[in-house]
Protein chains: 2
Amino acid sequence: MTPTPARTPRSVWLRPERPARDRQLSRAAIVTAAVAILDAEGIQGLSMRRVAARLEVTAGSLYWYVGGKDELLELAADHVLGEIDLPEAGGGAGWREVLARAAASQRAMLLRHPWAASVLAAVPNMGPNALRAADRILAVLAAAGFSPGLADAALAAINSQVTGAVLAETAWRQATAGPAATLADWQREAAGYLAQITGRYPHVAARLTAPPPDIEASSQARFALALDCLLDGLQARLDS
Amino acid sequence: MTPTPARTPRSVWLRPERPARDRQLSRAAIVTAAVAILDAEGIQGLSMRRVAARLEVTAGSLYWYVGGKDELLELAADHVLGEIDLPEAGGGAGWREVLARAAASQRAMLLRHPWAASVLAAVPNMGPNALRAADRILAVLAAAGFSPGLADAALAAINSQVTGAVLAETAWRQATAGPAATLADWQREAAGYLAQITGRYPHVAARLTAPPPDIEASSQARFALALDCLLDGLQARLDS
DNA sequence: ACCTGAACACCGTTCAAGT
DNA sequence: ACCTGAACACCGTTCAAGT
């Protein structure tokens, strides 16, 4: 019934920042405040009013520096992207090691900021930190003999793997960290449902009732396995 | 300052549905309405009030059947998960083909419902359709000789790849489908920013200014490549 | 140029009260 | 048992008006 509102999803990065003067607010301050709230309370806890309150300012004033909440999220996401360790420009390490290191660093950062993966996944990343990271990786791949097409595919595949894996990991973490304090509590709470599915879905039930002892370690191991598979496959396609 | 609200992220699936009587509303009707809105207007367009309006009912009445908006999203996500083509129970196809088919079907479904990937990624999927899909795949892998651990890793890796790839694809699609109608328009709009990054990030700039002619086909090709790499790697680890 | 204050049009959720 | 109506406590965003 109601017509679709004419959203204008133009990215922040397509508009220049306003020139600097003597002012008590800034894009940087707003982004820092937003990241602090996101880290502490997640995406649900972020609102323009709360960011403004943290800066002791009115909500409306944020709109002088930032197009809106969506833009602020884009800025926050690029901000944490700056925490990723990137390969040196002229480093001597092989491309496999470079990609593995960068992917591990990216995963660690996304686990430190559990809100970031979903934000980065929802929007094309065109911020300076995103571009810098992509450019470094593509440079390494080009130097290693990757064609532009294969380098693109490699970057996209690894990025998808990291993002997807972290999203799944944090989803489970947040669910089991709910009202039930421990995993055992959660299982007791879910016992009824589990009993119901044991018969219908035996393979899944076996996993749910007997989860790995160390979730942290097994997530890490699964991530390493998937990454190795991708790197093996890329190497084979590079050699042929 | 404000204390974190005591959310109760217990999953829908942990609570039984209320017994059926003669009523003008139902979980199924609510979920159907929600999916229709999500398909038409995306996640931003979904509100409890709009779902209620579509069913010619008050917003409050939805809470008799559904715990809240988060639960409704879980239900909607599992609903579309039912559209995935799964392997027959006793099919004769090899495990590689089975996984490839299921992954392709999952990807197609996620592209049909661009809101679904982010919802599925945000929450552990414990609905009946999610469990059924996982169980079928795990059964095929077990029959092919996969250890439980390797089967888990395989399922997780492929799921992460599909989810991550679709999220990236839809993010770009929605960005370029914004106010600028065509990709050329979008590029003209972004020209200033592109010129600015051409010097700093040459490898990325080359990709942005000269995108592949057929985005659809190249996304599909990249997805097939990543999936092949994963399947190759799994096969090698299965044989060893 | 920058920020306030107030308003507008929405939200999710609760809950007495009706039937 | 099921649904309404009204309310509560929030939202994002806009914009005149101040300085």
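Here is how names work: the chains are called A, B, and so on, in the same order as the sequence lines, proteins then strands, and each is numbered from 1.
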Any protein N or O atoms within reach of nucleotides 13-18 of chain D? Criterion: under 3.5 Å, listing atom names and distances.
unit_1: D:dT13; atom_1: OP2; unit_2: A:Y63; atom_2: OH; d: 2.8
unit_1: D:dT13; atom_1: OP2; unit_2: A:K69; atom_2: N; d: 2.9
unit_1: D:dT13; atom_1: O5'; unit_2: A:Y63; atom_2: OH; d: 3.3

Whole-Å gap separating [atom2] ([N]) and [atom1] ([X]):
X: A:R27; N: C:dC2; atom1: CZ; atom2: P; result: 13 Å
X: A:Q44; N: C:dC11; atom1: CD; atom2: P; result: 17 Å
X: B:L55; N: D:dC3; atom1: CG; atom2: C1'; result: 13 Å
X: B:L62; N: C:dC11; atom1: CG; atom2: C1'; result: 14 Å

Side chain of A:R50 - closest among D:dG5, D:dA1, D:dC11 = D:dC11
query = Where the side chain of B:T58 is concerned, which of D:dG5, C:dC2, D:dC3 is the nearest nucleotide?
reply = D:dG5
query = Excluding sequence neighbours, so at least two apart, what forms side-chain contact (heavy atoms from CB on, under 4.5 Å) with A:R49?
reply = A:S47, A:A59
message = Please list all pairs meeting side chain to side chain donor-acceptor pair (under 3.5 Å) that have one or both residues in residues 153-164 of chain B, counting only residues at least two apart or in different chains.
response = B:Q106-B:N159
How would you list, by chain and number, every residue that makes a salt bridge (Lys or Arg N to Asp or Glu O under 4.0 Å) with [X], sequence neighbours excluded?
X: B:R112; value: B:E83
X: A:D152; value: B:R207
X: A:R132; value: none
X: A:R101; value: A:E97

ask   = Which part of the nucleic acid, if any, lies within contact of B:S47, taking any heavy atom under 4.0 Å across all strands shown: a base, the sugar-phosphate backbone alone, or nothing?
value = sugar-phosphate
request  = Assess the side chains of B:H79 and B:N129: does a donor N or O sit below 3.5 Å from an acceptor N or O?
outcome  = no
request  = Return one dot-bracket line describing DNA chain D 5' to 3' (Watson-Crick or G-U wobble pairs, both distances under 3.5 Å; ( ) same strand, [ ] crossing, | another strand, . none).
outcome  = ||.|||||...|||||.||
query = Any side-chain N or O of B:W64 less than 4.0 Å from the OP1 or OP2 oxygen of D:dC3?
reply = no
For B:D85, side-chain hydrogen bond (donor to acceptor under 3.5 Å, both in side chains) partners two or more places apart = none
inquiry  = Check this for me: does any side-chain nitrogen of one of B:R222 and B:E169 sit under 4.0 Å from a carboxylate oxygen of the other?
reply    = no
